[in-house]
Every structure is written in C-alpha cells, then in structure tokens.
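Report on the following structure.
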Amino acid sequence: MPVLVRPDSMERITAPALAEKFIAEQIADIRAQVGDKKVLLALSGGVDSSVVAALLIKAIGRQLVCVHVNHGLLRKGEPEQVIRVFKDEMDANLIYVDAADRFLDKLAGVSDPETKRKIIGNEFIEVFAEEARKLEDIEFLAQGTIWPDILESERGIKAHHNAGGLPDDLKFELVEPVRILFKDEVRIVGKALGLPDNMVFRQPFPGPGLGVRCLGAITRDRLEAVRESDAILREEFAGAGLAGKVWQYFTIVPDFKSVGIKDGRRCDEWPVILRAVNTRDAMTATVENVPFDLLQRITDRITHEVRGVNRVLYDLTPKPTGTIEWE
Ligand code: XMP
C-alpha cells in the first residue's frame, strides 16, 4: 500500500528555483528508469499531461511518443495549441488523432449524461489503445498522476482515473514524474519548463469536455454553438482582466429553442447560458459578480456571432443548489 505522506525531503515547490531543482532530479530519475527505451503518453493539453510531456521531452527527447486524441469536444484552439507548443516548438514525437467523427457518431442520439460520459471515456481508451498497438518497442506509459489523485483513490473517493483502463494486451511500466506534486506545484514546474501561461494556469476543464455543456443528445451544430460562445466568453473575460481572477467560466447550450427576432423575422433558436463561479475546492461555489455592461457586450457578441443562438442567460445559482457544470 502506498504511504500517504510525501517524502520527508520533499520541500513544497513555491518558487522557480525549487522547480528547477525538482526538474533536474526528475530528469535524472526518468533517464535512470527508462534508459534508451520508448515511453508513451496520452497528451490532452491539460496542465498535468502537458507538464509530464515537457519534463519527458527534456529528459529523453524523441524517445517519448505523445498521442493527442481530439475527441471533437475540446475548446476552440486547443488541438492547434497542443501541436504548436509540443510538435513545432519542442520537437515532440507527437501523433495527432482526429477522432471527432468517431466520438460524435457514437454519441448521436444519446441524451443521458452518465451514458454520454461512459461513451466518451470508453471511446477514448479504444482510440488510444489502437494507436498504442500500432507502435513498436514501447515499454513505458507516462501519466500525469498528481498527489491528490493518489490521496483520493486511497480514501476511496474516486477511482484513480489515470491508472489502468487499457486492455490486457497493453501492459506498460508506469512513469509518473509529478505524482508527489500538488496542483499549484505542477503549475510552477510547468512555468519553469517554459510552457505558456494559458496552458499552465488554465481553468479546470472536464475530461468529457464540451460534451457535458452541450446538454441532451449532442449535435454538431449545437456543439459548435457551445465552442464558439465559449471562445467569445473567454476572449471578453481576458479583455476585461477577469481571466486570471475568476475560477471557472464557460457556456452551456441546452437542447430547446425559443422564439426570437433576427433581421425583422421570427426565429426559433437556442439560448446560451453563461456560468462564472469562484471556489476553493469545487465543493461549494459562489457566482462571480460580472459587470452588467460586460454581460451586455457578451450577449451582443454571442447573439450576433454564433449561429443558431437568439438569447443569452446568466446563471445566478451558487453551488449548492446548482452544481458547477450543468450536464
Ligand atoms: P460540479 O459540476 O460537480 O463540478 O460542481 C465540480 C468541478 O469538477 C469539474 N468536473 C470535472 N473535472 N473530469 C474533471 O477533471 C470530469 O469528468 C469532470 N466533471 C466535472 C467541473 O468542471 C468543476 O470544476
């Protein structure tokens, strides 16, 4: 059974110099563990997997094979950023898999939130396993497991979401270089590794992605409305200096329409719901007091720039009673 304490020698990483020391130690450990063998990593573009990728690239370069699965439920610009940062700037050995059609076909007509989550999770493992089987001589699997993941699985709060899941024919030794770090430490290490701020300090984003914000059965047109409205919200929050201040902010598109007017004509279109919340641990949350003129500006942009949308609503509900996501 793993011990529920970090090693005694482990100083909390609070500054760049401590991050540099950690990076140097990990590079030595990774090289000792891996030798000249190849390592596989599912690179989502989230903080943890991105930091692991950057660390491994520093340690073993192109012996690391990154697989970025685009499930079609990522935010606008995310797959492009993964390719730019890792393939173009860090010369990573990166396999990009555009699996959007596969995921969306499997999700067609499925409206139950838990079933949607299951389909997305299973399909992800399926796609990743297919890519892994095409590769030869891979002996290691790198994962962005962090200390809270280990604590939560030890306490039975959640199954350790990184561990396993792969079919039996794919057995790898694990490489988990950030497993003793808390999230804030992972971010400091990421910054020291030269990752961009919008990758290192980004807001939480669920694994099933925009799939939980396109309510009911996902359709491509409504998913596009979620993605485009989310991009506008992020752009406007960044412009207003709220991006680093508000804990989480995003848009939701429900699966019903209401009457509106566009160009003098009646239109039946979807509403977009805005959510912007603050919290420490996501167990409870308060609603951000967004300036009214900013809300009006966002409404104007979304109703004019996003196809199929004729209303914008702001969710005033704290958690509880509302959860942060709608699902
Ligand atoms: P709720 O909606 O339960 O969400 O209030 C609490 C926080 O968890 C995030 N969330 C997820 N994060 N994988 C994740 O890594 C997931 O499947 C997932 N689902 C929800 C949510 O965005 C919020 O920050």
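Both ligands and their constituent atoms are indexed starting at 1 by order of listing. What's counted below: heavy atoms across the whole structure, side chains too, no hydrogens, waters or symmetry copies.
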| remark: Under 4.0 Å between heavy atoms, the region of Ala285 that gets near ligand 1 turns out to be neither

| query | Do Gln143 and Glu176 have side-chain atoms, one donor and one acceptor, less than 3.5 Å apart? | reply | yes

| N/O separation below 3.5 Å, Gln248 to ligand 1 | yes

| Which atoms form the tightest heavy-atom contact between Gly211 and Ile218, and what is the distance? | CA-CD1, 3.7 Å

| Over 12 foreign heavy atoms within 6.0 Å of CG, Asp168 | no

| message | Using a plain distance cutoff, I'd like to know if Lys319 has any nitrogen or oxygen under 3.5 Å from a nitrogen or oxygen of ligand 1. | response | yes

| note | The protein heavy atom nearest to atom 4 (O) of ligand 1 is Ile324 CB, 4.0 Å

| message | Starting from atom 14 (C) of ligand 1, what is the nearest protein heavy atom, named by residue and atom, and what distance separates them? | response | Pro206 CA, 3.7 Å

| said: Which residue and atom name correspond to the protein heavy atom nearest atom 2 (O) of ligand 1, and how close is it? | reply: Glu325 N, 2.8 Å

With a 3.5 Å cut-off and sequence neighbours excluded, list the donor-acceptor pairs that the side chains of residues 291-299 form with protein atoms.
unit_1 : atom_1 : unit_2 : atom_2 : d
Arg297 : NE     : Glu236 : OE1    : 2.7
Arg297 : NE     : Glu236 : OE2    : 3.3
Arg297 : NH2    : Glu236 : OE2    : 3.0
Thr299 : OG1    : Leu295 : O      : 2.7

Between side-chain atoms of residues 64-79 and protein atoms elsewhere (two or more places apart, or another chain), which donor-acceptor pairs fall under 3.5 Å?
unit_1 : atom_1 : unit_2 : atom_2 : d
His68  : ND1    : Leu43  : O      : 2.7
Asn70  : OD1    : Gly72  : N      : 2.9
Asn70  : ND2    : Tyr96  : OH     : 3.0
His71  : ND1    : Leu73  : N      : 3.1
His71  : NE2    : Gly207 : O      : 3.3
Arg75  : NE     : Glu78  : OE2    : 3.0
Arg75  : NH2    : Glu78  : OE2    : 2.8
Lys76  : NZ     : Glu228 : OE1    : 3.0
Lys76  : NZ     : Glu228 : OE2    : 3.4
Glu78  : OE1    : Arg75  : N      : 2.8
Glu78  : OE2    : Arg202 : NH1    : 2.6

| For ligand 1, is there an atom lying under 4.0 Å from some heavy atom of Trp247? | yes

| query | Which residue owns the protein heavy atom closest to atom 13 (N) of ligand 1, what's the atom, and how far is it? | reply | Gly207 N, 3.4 Å

| request: Might you point out which heavy atoms bring Phe172 and Ala132 nearest each other, and give the distance in Å? | output: CZ-CB, 4.5 Å

| request: Answer yes if a protein heavy atom lies under 4.0 Å from atom 8 (O) of ligand 1, otherwise answer no. | output: no

| Has Arg117 got any heavy atom lying under 4.0 angstrom from an atom of ligand 1? | yes

| said: side-chain contact (heavy atoms from CB on, under 4.5 Å) for Val277 and Lys319? Distances and angles first, verdict last. | reply: CA-CA 9 Å; Val277 296; Lys319 177 180 180 177; over 6 Å; no

